[in-house]
There are 2 protein chains.
Amino acid sequence: MPSASVSPEIKSDVDQVLETIIYLYTESRRITKELARRADLTGPQLTVVKILEQIGDLSLSELSERIRAQNSTVTGIIDRMEREGLVVRERSKEDRRVVYIRLTPKGRKLAEEIPVEPMEIFRNALQCLSANETRELLKILGKVARHVREAVRAEGAASARGG
Amino acid sequence: MPSASVSPEIKSDVDQVLETIIYLYTESRRITKELARRADLTGPQLTVVKILEQIGDLSLSELSERIRAQNSTVTGIIDRMEREGLVVRERSKEDRRVVYIRLTPKGRKLAEEIPVEPMEIFRNALQCLSANETRELLKILGKVARHVREAVRAEGAASARGG
DNA sequence: GAGAAATATTTCGCACGCTAAATAATGCCG
DNA sequence: CGGCATTATTTAGCGTGCGAAATATTTCTC
């Protein structure tokens, strides 16, 4: 997890914002992992179980998209979950390239036993803000994200020219 | 990277904030990785090289703390960097338990060739905000972080009682 | 000053997470 | 119909990332 805060002593507001975002993100992962551990799952496995519980069967690609990971990554996660008897793979009848991932009864039972959604603590913390604050936060963060997106595009163009 | 946005259709402000934070974080990692790739480095390796360039020699523990990773993780990163001749390990004379990590000339040269700090794009985007917006952002994010910390403490206490 | 507790690093085993290449099945176009 | 690009998934190889145990060294304590 690279974060590279090079001079931790005198921190500008900007660096503090960075720091806080990194804290919030890593903490949310840590929480997911901790919740998962209680059910003998890993973080990503808990995420998968909860998604399948709420949405139903998904193809591997759909699942990958949901959890923002590559297909090859999810293949591995599903391999291990299948080994543990939490899910099964089922080839689609319509398109035999597609594999659906389905919770087994064991997987479903386990999902039900974990009432808290992975991001719950994080979400609760955000709900402690007033509606105004939330809107303001969203507005400002949105602006930052927009600038990052632009910079990324510019960066991409520069390197395409040979950066 | 578990993110579990279960219903992507109707998103509340809260979920959008979450989404944006995740976007900003993952994007900042992607950018580090892309910058690194141009110098035949990995993301964490670039981070290490830049930290050592700016701060000087660090013990493995100090380095771990900087990049917010476990010692065992950093041991691996340094192993590979040493193999590539970018850094050397040197045992401390005062405390022979301690290992200092030092850039080789090759490593230093490489660091100098990468002028952009890993988080530069991200930092620039934040600097596009007005001073007021930055303060406001910091204030609100700080509040969120405080609530998360409290929730985490409460959570910890609950599980200690047998959660 | 010897044994115990503490500290710094490494080793081990496992689970992501990525890219590139391989495999399998579908659709398209002449 | 036959080949060919496209799409879905898996395989292979590598680099993190973590926790627990092992190792080496220092410090503390009696």
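Just so it is clear, the model here is predicted, and its values are computed rather than measured.
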- Query: Do the side-chain N or O atoms of B/S59 get closer than 4.0 angstrom to the phosphate oxygens (OP1, OP2) of C/dA8?
  - Reply: no
- Item | Earlier contact from the 5' end, DNA chain C, for A/T42 and B/E62 | B/E62
- Message: How many whole angstroms separate atom NZ of B/K33 from atom P of D/dC14?
- Response: 16 Å
- Contact class for B/N71 (heavy atom, under 4.0 Å): base, sugar-phosphate, or nothing? base
- Message: What's the closest nucleotide to the side chain of B/S72 if the choices are C/dA15, C/dC18, D/dG19?
- Response: D/dG19
- Task: Could you check how far CD of B/Q45 sits from C1' of D/dG15, rounded to whole Å?
- Result: 8 Å
- Check every atom of D/dG15, D/dT9, C/dA25 against the side chain of A/V98 and return the nucleotide holding the closest atom. D/dT9
- Message: Tell me if a side-chain donor or acceptor on B/T75 pairs with a main-chain N or O of B/N71 at a distance below 3.5 Å.
- Response: yes
- Item | Given D/dC18, D/dT10, C/dC18, the nucleotide with the shortest approach to the side chain of A/A69 | C/dC18
- Message: Check B/D79 with B/R89, please: is the shortest side-chain N to carboxylate O separation under 4.0 Å?
- Response: yes
- Give a yes/no on whether any side-chain N or O of A/Q70 is located under 4.0 angstrom from OP1 or OP2 of C/dT19. yes
- Return yes if the base of C/dT26 and the side-chain atoms of A/R97 contain a donor-acceptor N/O pair under 3.5 Å, otherwise no. no
- Task: Among residues two or more places apart or on two chains, list those pairs meeting side-chain hydrogen bond (donor to acceptor under 3.5 Å, both in side chains) that have a residue in residues 103-112 of chain B.
- Result: B/K109-B/E113
- Note on the structure: Whole-Å distance, B/Y100 OH to C/dT10 P, equals 14 Å
- Message: Any side-chain to backbone donor/acceptor pair from A/K50 onto A/A111? Under 3.5 Å, distance only.
- Response: yes
- Item | Test item: B/E62 side-chain N/O and B/S59 main-chain N/O as donor-acceptor pair under 3.5 Å | yes
- Task: Would you mind reading off the distance between A/L63 atom CG and C/dG17 atom P, rounded to a whole angstrom?
- Result: 12 Å
- Separation of D/dA8 atom C1' from A/I101 atom CD1, nearest Å, is 12 Å
- Verify, without hydrogens or angle tests, whether A/S64 (side chain) and A/L60 (backbone) share a donor-acceptor contact under 3.5 angstrom. yes
- Task: Look at the side chain of B/P44 and decide which nucleotide, out of D/dT16, D/dA8, C/dC16, has an atom nearest to it.
- Result: D/dT16
- Let me know the distance between CD of A/E65 and P of D/dA8, rounded to the nearest Å. 10 Å
- Quickly work out the B/E34 CD to C/dC18 C1' distance and round it to whole Å. 14 Å
- Evaluate whether atom CZ of A/R96 has more than 12 neighbouring non-hydrogen atoms of other residues, nucleotides or ligands under 6.0 angstrom away. no
- Query: Quick one, which residues of residues 73-90 of chain A touch DNA chain C with a heavy atom under 4.0 Å?
  - Reply: A/T73, A/I77, A/R80, A/R83
- Separation of atom CZ in B/R96 from atom P in C/dT10, rounded to whole Å: 13 Å
